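Residue numbers start from 1 in every chain, and the chains themselves are labelled A, B, ... in the order their sequence lines are given, proteins ahead of strands. What you see is a predicted model; the values in this text were computed from it and never measured.
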2 protein chains.
Amino acid sequence: MKKSEASRITIKDIARELNLSTATISRVLSNHPAISESTKKLVNDKVKEMGFALDPIASSFRSKKTKSIGVICPRIDIDFHSKVISGIEDFAYKQGYQITIFQSQDSYKKEKEIVQMLETSLAAGIIICPALETHRFEHLKKIVKSNIPLVLYDRSTDSLKASKVIINDFEASFNATEHLIQQGCKTLAHISGNKNVDIFNSRIAGFKEALAQHQLPIHEELIKEAKNLTYEEGKVQAEALLKEHIIPDGIVCANDYTAVAALKAFRNKGYTIPDQVAIVGFSNYPISSILEPQISTIEDSAYEMGRVAAKILIQQIEDKDMQALDYQEVVIKTELIIRGSSFRNK
Amino acid sequence: MKKSEASRITIKDIARELNLSTATISRVLSNHPAISESTKKLVNDKVKEMGFALDPIASSFRSKKTKSIGVICPRIDIDFHSKVISGIEDFAYKQGYQITIFQSQDSYKKEKEIVQMLETSLAAGIIICPALETHRFEHLKKIVKSNIPLVLYDRSTDSLKASKVIINDFEASFNATEHLIQQGCKTLAHISGNKNVDIFNSRIAGFKEALAQHQLPIHEELIKEAKNLTYEEGKVQAEALLKEHIIPDGIVCANDYTAVAALKAFRNKGYTIPDQVAIVGFSNYPISSILEPQISTIEDSAYEMGRVAAKILIQQIEDKDMQALDYQEVVIKTELIIRGSSFRNK
DNA sequence: TTGTATGCGTTATCAT
DNA sequence: ATGATAACGCATACAA
């Protein structure tokens with residue numbers, strides 16, 4: 001069975017029907033100011049009547065502009081990133097932009113590949129959370145040089161002059177730590193993510209600073225690394241903590257999976273939560289409000305981060321010609337959510 | 001500071017440099033068979049030397065073909081969909097396709113809007129999980145008629161001749177139910193999703209069939225609906241079950257959130273899990289293996305579903321000219337994972 | 001095996 | 001306010 005290949009209606013068809021030039025039709029369609037109301041209506045009606053729609057490819061081809069935003073994240077199926085992307089899509093769609101998604105798998109090589117492709121494909125702009133492996137930023141500098149708007153989210157770097165949407169990891173971690181101190185914790189442990197990544201370093205720094213400000217000792221051996229922040233890694237590190245010569249009475253974790261793991265590991269050894277050991281996580285995963293006790297955590301507003309990233313990017317895209325703005329940094333507000341895993345009824 | 005707008009290298013430039021025609025360059029770049037090895041090498045070297053890359057927009061414009069797959073899902077930030085999309089992206093990327101993502105928010109209107117746009121934008125193909133609100137499929141039939149490859153995933157419908165990737169919801173639910181029966185349950189309840197959606201109807205049917213086959217009574221009043229399958233809705237429905245005149249000794253839930261909710265609701269009332277009430281969920285969310293007891297569940301292989309959807313779609317895209325295949329249906333294997341919430345040590 | 005020439009649908013320049 | 005026309009970069013039918 002041969003399927004029919006309906007030949008496309010073009011601007012020419014509309015022009016012919018109305019005895020107007022294609023230029024006029026094009027002008028109406030792009031809201032050109034110098035068009036009389038009467039022909040505007042004429043054209044719009046005919047467009048509707050014939051069910052015409054501009055060919056976006058031809059349009060992009062001619063104008064060298066697209067409505068396509070490239071989004072690069074480590075993996076889509078991580079709660080945090082899927083929320084960010086959801087925020088990006090919502091905002092972008094409303095502005096008439098489409099988002100094309102790529103997963104770097106945290107590989108520097110793949111990230112470079114994708115970025116290069118995006119550069120030649122006329123992406124209107126790029127939103128990226130750099131791969132864990134990415135420590136050199138030449139590929140992104142090239143994007144900036146090519147005058148393609150670029151926004152980094154979550155993981156950022158000082159070595160790149162580009163817009164950034166981040167949270168204040170230092171502050172969030174500081175607040176979480178201080179909260180435990182206020183609950184009476186004296187010996188604090190930290191389960192960190194990959195220590196080679198800026199944001200986890202900032203969280204470590206925030207953790208230490210809170211201890212310092214409250215004249216509490218910093219036990220380096222109580223700062224553990226769970227590279228991918230999985231539940232299993234969290235369990236391993238929590239059990240490692242249980243074997244230390246000092247047992248913590250409070251644990252700040254870099255995400256909620258490790259927090260849950262720590263909670264269970266300590267409870268299994270007979271410690272009561274939060275009275276003997278208080279725990280706070282990070283990111284407000286669904287699980288943290290379902291477990292008992294519920295896990296105190298940091299709401300990192302991933303959806304909002306995505307929305308803002310899209311907003312900044314589109315601003316840059318649309319202001320590109322006037323070069324009004326160069327780049328900007330936005331810090332998304334985080335919020336400490338205090339729940340049963342850390343709140344001690346005194 | 002004015003940024004430089006490097007003018008693009010085109011195949012003309014390559015042609016001029018090598019005293020060849022643009023046609024030859026184009027042929028080399030698209031692996032045309034009738035090209036001598038020597039010029040092939042010549043061109044490829046020069047391409048590399050000059051850092052040239054085809055302009056995909058111009059290429060698409062001319063050939064009327066794109067490498068862009070439109071993906072429409074209800075929301076990206078739902079675990080299941082983000083996994084499916086991850087699978088789609090992985091496969092598509094390897095085949096040189098990009099995926100452009102849209103969220104229908106389960107709105108029929110928005111879905112139509114997106115589909116229409118995709119139709120005029122020369123999407124190479126479309127992968128869609130129809131919105132909950134979608135009960136008419138004219139917009140998708142139009143896609144099929146326009147000869148744009150289409151694959152539905154997860155939620156399917158018989159009223160559309162298009163490729164589908166689904167799980168056997170009936171069978172999965174049947175197996176989960178039968179498992180509870182084998183554990184000794186006699187009075188079974190079901191917490192369903194939106195009863196207007198095919199897949200949840202199939203799960204209800206599978207549930208009932210298992211009861212029927214084992215000569216157990218079907219208590220309609222023990223079949224509850226949690227429209228969006230949230231934890232909160234699950235809690236409400238579980239509490240409703242607790243108020244029935246018959247208390248179930250086994251509950252089959254349409255996802256893991258509602259399973260957790262049921263588990264907690266019944267445990268709070270003093271029922272022991274799994275001995276007094278056995279529970280099984282659906283979808284194998286991360287939470288289900290972290291709670292205690294761990295939740296028995298159905299692994300629905302979302303990532304694999306995405307991979308297969310992409311595979312089928314790309315097959316159709318690339319075989320389009322020969323029309324070798326029309327459409328196909330793939331049923332992804334599910335697996336019952338038996339854990340503490342339902343396994344009774346006899 | 002390679003070259004010539006044309007046109008895809010739109011936008012933008014220049015003219016009227 | 002509108003029209004005529006060129007041009008964007010490439011793929012392809014036809015020619016050689």
Side-chain angles (χ1 to χ4, degrees), chain A residues 5-44 46-47 50-68 96 117 119-124 321, chain B residues 5-44 46-47 50-68 117 119-124 320-321:
Chain A
E5 197 83 54
S7 78
R8 184 180 200 94
I9 304 167
T10 73
I11 274 195
K12 269 187 195 163
D13 299 319
I14 309 280
R16 189 171 352 92
E17 292 270 328
L18 295 173
N19 276 321
L20 287 169
S21 73
T22 59
T24 304
I25 312 300
S26 176
R27 286 189 185 107
V28 172
L29 264 29
S30 56
N31 281 316
H32 190 103
I35 287 283
S36 75
E37 280 306 318
S38 56
T39 59
K40 200 182 284 185
K41 177 162 169 31
L42 216 59
V43 172
N44 282 327
K46 184 57 84 178
V47 161
M50 302 185 66
F52 167 80
L54 266 181
D55 179 342
I57 306 262
S59 182
S60 292
F61 173 55
R62 176 60 234 240
S63 67
K64 299 295 155 211
K65 286 186 172 113
T66 67
K67 287 287 203 173
S68 165
M117 211 195 59
E119 196 183 346
T120 67
S121 80
L122 283 182
D321 303 321
Chain B
E5 197 82 51
S7 77
R8 184 178 200 92
I9 304 168
T10 73
I11 55 175
K12 262 191 200 163
D13 300 320
I14 309 280
R16 190 173 348 94
E17 292 270 329
L18 296 173
N19 277 321
L20 288 169
S21 73
T22 58
T24 303
I25 313 299
S26 176
R27 287 190 185 107
V28 173
L29 264 29
S30 56
N31 282 315
H32 190 102
I35 287 284
S36 74
E37 280 306 317
S38 55
T39 59
K40 200 181 284 184
K41 177 162 171 31
L42 216 61
V43 172
N44 281 328
K46 183 59 81 178
V47 161
M50 301 183 68
F52 168 80
L54 268 181
D55 179 341
I57 306 262
S59 185
S60 292
F61 173 55
R62 174 60 231 247
S63 67
K64 299 294 157 212
K65 287 188 172 112
T66 68
K67 288 286 203 175
S68 166
M117 211 195 61
E119 196 184 345
T120 66
S121 80
L122 284 181
K320 196 156 66 167
D321 303 323

Just to be sure I understand the rule, does [X] reach a base, reach only the sugar-phosphate, or reach nothing, if contact means heavy atoms closer than 4.0 Å?
{"X": "Ser60(A)", "value": "nothing"}
{"X": "Ile25(B)", "value": "nothing"}
{"X": "Asp13(A)", "value": "nothing"}

Item checked: Distance, rounded to the nearest Å, where Ile57(A) contributes CD1 and dC8(C) contributes C1' ->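 One finds 12 Å between C1' of dC8(C) and CD1 of Ile57(A), rounded.
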Checklist line | Start and end of chain B contact along DNA chain D [non-hydrogen atoms, under 4.0 Å] | finding: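 It runs dG9(D) to dC14(D).
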Margin query: Can you pull out every salt bridge (charged side-chain N to carboxylate O under 4.0 Å, His left out) where at least one residue sits in residues 28-38 of chain B? Sequence neighbours excluded, please.
Written below: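 The answer is Glu37(B)-Lys40(B).
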Checklist line | Contacts of type salt bridge (charged side-chain N to carboxylate O under 4.0 Å, His left out), residue Lys67(A), not counting sequence neighbours | finding: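 Residues passing salt bridge (charged side-chain N to carboxylate O under 4.0 Å, His left out) with Lys67(A): none at all.
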Checklist line | Of Thr24(B) and Ile35(A), the one whose closest DNA chain D nucleotide lies more 5' | finding: Ile35(A)
Checklist line | Residues in side-chain hydrogen bond (donor to acceptor under 3.5 Å, both in side chains) contact with Lys41(B), at least two apart in sequence or another chain | finding: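 For Lys41(B) the side-chain hydrogen bond (donor to acceptor under 3.5 Å, both in side chains) partners, ignoring immediate neighbours, are Asp45(B).
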Next item on the list: Only counting residues at least two apart or in another chain, list the ones meeting side-chain hydrogen bond (donor to acceptor under 3.5 Å, both in side chains) with Ser36(A).
Entry: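 So Ser36(A) forms a side-chain hydrogen bond (donor to acceptor under 3.5 Å, both in side chains) with Ser38(A), Thr39(A).
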Can you name the side chain to side chain contact (heavy atoms under 4.5 Å, CB included) partners of [X], sequence neighbours left out?
{"X": "Ser30(A)", "answer": "none"}
{"X": "Thr66(A)", "answer": "Ser60(A), Ser68(A), Leu122(A), Ala124(A), Ile57(B)"}
{"X": "Thr10(B)", "answer": "Lys12(B), Asp13(B)"}
{"X": "Arg27(B)", "answer": "Ala23(B), Thr24(B), His32(B), Ile35(B)"}

Check: Where does DNA chain C form stems of at least three consecutive Watson-Crick or G-U wobble pairs, each pair having both distances below 3.5 Å?
Finding: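 Listed by first number, the stems are C:1-16 with D:1-16.
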With a 4.5 Å cut-off on side-chain heavy atoms, are [Y] and [X] touching?
{"X": "Leu54(B)", "Y": "Ile11(B)", "result": "yes"}
{"X": "Val47(A)", "Y": "Leu29(A)", "result": "yes"}
{"X": "Lys64(B)", "Y": "Asp55(A)", "result": "yes"}

Please tabulate, one pair per line, each protein N/O and nucleotide N/O from nucleotides 9-13 of chain C that are separated by under 3.5 Å, including the distance.
residue, atom, partner, partner atom, Å
dT10(C), OP1, Asp55(A), N, 3.0
dT10(C), OP2, Ile11(A), N, 2.7
dT11(C), OP1, Ser59(A), OG, 3.1
dT11(C), OP2, Ser26(A), OG, 2.6
dT11(C), O2, Arg62(A), NH1, 2.2
dA12(C), O4', Arg62(A), NH2, 3.2
dT13(C), O4, Arg27(A), NH2, 3.3

